[in-house]
Amino acid sequence: MTTTPVSVEALAVNGGKPVRETLLPYGRQQVSEDDIQAVVDVLRSDWLTTGPKVGEFEEAFASQVGAAQAVAFSSGTAALHGAAFAAGLKPGDEAITTPLTFAGTANSVLYQGATPVFADVCSDTLNLDPERVAERITPKTRVILPVDYAGHPAETDSFAAMARSHGLIVIEDACHALGAEYRGRTVGALADMTVFSFHPVKHVTTGEGGMVATNNSRFAETLRRFRNHGISSEARQRQSAGQWHYEMVLLGFNYRLTDVACALGISQLKRLEPNLARRRQIAARYTVAFRELPGVIPPSVRAEVNPAWHLYPIRLDLAKLSGDRAQIFRALRAENIGVNVHYIPVHTHPYYRSRFGYRAGGEYPVAEDAYERLISLPMFHAMSDEDVADVILAVSKVISAYSR
Ligand SMILES: Cc1ncc(COP(=O)(O)O)c(C=O)c1O
């Protein structure tokens with residue numbers, strides 16, 4: 001896109017008029033009257049926690065993502081923990097994952113007393129690089145844990161092939177990728193277990209919530225027990241069977257998702273397709289606008305995927321700019337565009353540094369270089385056309401002011 005030159009003085013950060021009067025967040029939920037009614041109906045029913053809505057949500061979700069089973073959890077993080085447990089991760093084991101993710105991905109490995117081993121990402125998609133993963137496989141490796149960064153599916157076929165030859169389990173963190181497609185298949189049954197989140201910035205929300213989808217009934221049974229203290233039956237099953245006896249067969253947690261949340265999830269799931277279509281439309285508008293804007297590199301999309309666009313992370317081409325990421329980030333915020341950064345590489349967080357001795361500067365060059373240049377633009381299905389136009393205008397204004 002062509003832009004008229006903008007002086008740095010015209011930027012809102014320097015006292016100029018902002019592009020918007022009010023802050024546009026980077027992500028936001030959309031709750032309809034039907035969603036509210038669905039929740040109200042449950043509040044008037046007999047079951048607030050694990051009742052009929054949990055199974056109903058799980059079935060609808062499994063069928064949506066093409067998996068045999070789905071098991072609901074109280075958050076995406078709890079679902080990742082469940083998957084790490086069901087995979088049998090234990091002290092001494094290693095799970096290979098990406099540094100460019102939310103800390104919860106790697107933390108799920110730590111919850112099991114196992115060790116997260118990071119491997120660098122591909123320079124185009126910023127997803128876990130299969131070649132780097134292959135270099136990190138040792139006799140201790142038990143799990144490969146790719147993340148579908150920003151909603152672009154990871155290389156699950158490569159990871160599945162590695163898992164077959166080394167006897168490993170693949171857990172796909174698809175918290176960004178509900179509805180994404182990889183080689184014509186929906187993300188949901190491409191890995192041994194696939195984990196989703198229903199945080200409000202996601203495609204479908206339950207407030208807090210998560211899900212593990214799997215075709216493996218043994219994993220599904222373990223997951224159901226793990227989220228319910230390790231107990232082998234649910235209170236509702238016992239009540240309807242007129243029984244009081246139950247057995248705790250493993251050490252689990254209370255990671256249950258409530259019927260109230262599941263009612264919201266069922267109602268929200270009905271709008272997944274239009275939500276995805278809207279996000280894809282917004283991404284297409286951004287990409288057309290930014291393709292020709294010097295200093296901005298839009299996210300890459302590989303030919304074999306259809307991303308779900310949880311995020312729209314641009315990378316700055318700093319050689320073409322007189323400002324760094326922090327300056328451009330601040331300038332966009334001042335224009336009232338709620339930009340964000342995904343992610344601070346996990347190995348550079350103080351906890352990981354002090355526990356594992358990781359440091360920035362060398363071991364994961366692609367992830368670390370990307371981190372210095374990434375900015376996530378607002379991306380959510382409830383954005384209006386005017387919101388999208390404001391983002392494009394603000395990015396063009398700020399980038400133009402900082403162009404060399
Ligand atoms: C990649 C990734 N994994 C895991 C999670 C954790 O999900 P939750 O916030 O539902 O616990 C998130 C959170 O947004 C995420 O982005």
Side-chain angles (χ1 to χ4, degrees), residues 25-29 57 61 70-85 87 95-112 116 118-119 121 125-128 143-154 156 159 170-180 187-188 191 193-213 223 226-227 253-258 261-262 264-265 268-269 279 299 307-313 340-347 349 352 367 370-371 374 376 379-380:
Y26 92 90
R28 191 180 193 285
Q29 74 278 11
F57 185 36
F61 192 89
V71 183
F73 277 80
S74 53
S75 69
T77 306
L80 278 166
H81 186 189
F85 178 87
I96 303 175
T97 193
T98 164
L100 205 64
T101 185
F102 180 60
T105 310
N107 291 350
S108 68
V109 176
L110 293 178
Y111 297 154
Q112 284 303 111
F118 297 105
V121 295
T125 60
L126 303 182
N127 274 332
L128 193 55
V143 163
I144 304 174
L145 177 44
V147 174
D148 302 323
Y149 177 75
H152 186 298
T156 37
F159 299 129
V170 181
I171 301 172
E172 182 175 2
D173 179 339
C175 287
H176 296 183
L178 176 55
V187 167
M193 286 176 271
T194 308
V195 177
F196 298 89
S197 161
F198 307 126
H199 180 276
V201 295
K202 301 296 189 323
H203 299 74
V204 160
T205 188
T206 58
E208 295 284 356
M211 192 76 85
V212 184
L223 290 161
F226 184 74
R227 70 150 177 220
F253 288 77
N254 180 351
Y255 279 160
R256 297 185 300 252
L257 191 61
T258 66
C262 287
L264 180 56
Q268 287 256 324
L269 194 60
R279 283 171 182 261
W309 294 110
H310 164 54
L311 303 172
Y312 190 91
N340 214 320
V341 172
H342 298 91
Y343 286 97
I344 299 166
V346 178
H347 65 282
H349 284 298
Y352 279 83
Y371 167 62
L374 279 167
S376 299
M379 168 57 82
F380 53 101

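Numbering of ligands and ligand atoms starts at 1, following listing order.
Under 3.5 Å, the side chains of His81 and Gln112 contain a donor-acceptor pair of N or O atoms. Checked by atom type, the side-chain pair His342/Ser376 shows a donor-acceptor distance below 3.5 Å.
For atom 5 (C) of ligand 1, the nearest non-hydrogen atom of the protein is Phe102 CD2, 3.6 Å. Scanning all protein heavy atoms for the shortest distance to atom 3 (N) of ligand 1 gives Asp173 OD2, 2.7 Å. For atom 8 (P) of ligand 1, the closest heavy atom belonging to the protein is Gly76 N, 3.5 Å. Nearest protein heavy-atom neighbour of atom 11 (O) of ligand 1: Thr77 OG1, 2.6 Å. Counting only heavy atoms of the protein, atom 13 (C) of ligand 1 lies nearest to Lys202 NZ, 3.4 Å.
Ring to ring, Phe85 and Phe253 are not that close: their centroids are 6.0 angstrom or more apart. Aromatic rings from Tyr343 and Tyr371 are positioned such that their centres are separated by 6.0 Å or more.
Here the CD atom belonging to Glu208 is positioned 8.5 Å from the OG atom belonging to Ser74, to the nearest 0.5 angstrom.
Not a single heavy atom of Ala79 sits under 4.0 Å from any atom of ligand 1. Using a 4.0 Å heavy-atom cutoff, Phe196 is absent from the residues neighbouring ligand 1. The shell of residues lying under 4.0 angstrom from ligand 1, judged by heavy atoms, includes Ser75.
Among Val346, Asp173, Val147, the single residue meeting the side-chain contact (heavy atoms from CB on, under 4.5 Å) criterion with Thr98 is Val147.
Residues Phe196 and His203 form no side-chain contact, since every pair of their non-hydrogen atoms from C-beta on lies 4.5 Å or further apart. Inter-residue side-chain proximity for Thr97 and Phe118 is flagged as met; some heavy-atom pair is nearer than 4.5 Å. The shortest distance between side-chain heavy atoms of Val212 and Val195 falls below 4.5 Å. No side-chain heavy atom of His176 sits less than 4.5 Å from a side-chain heavy atom of Trp309.
Every atom of ligand 1 with a heavy atom of Gly209 under 4.0 Å away is listed here by number and element: 10 (O). For ligand 1 and Ser197, the ligand atoms under 4.0 Å from any heavy atom of the residue are 7 (O), 8 (P), 10 (O). Close approach to Tyr343 involves these atoms of ligand 1, each under 4.0 Å from a residue heavy atom: 16 (O). Near Thr101, meaning under 4.0 Å from one of its heavy atoms, ligand 1 places the atoms 1 (C). The atoms of ligand 1 that sit less than 4.0 Å from any heavy atom of Leu80 are 4 (C).
Ligand 1 has a nitrogen or oxygen under 3.5 angstrom from a nitrogen or oxygen of His176.
By the criterion of a heavy-atom distance under 4.0 Å, neither the backbone nor the side chain of Val195 is placed next to ligand 1.
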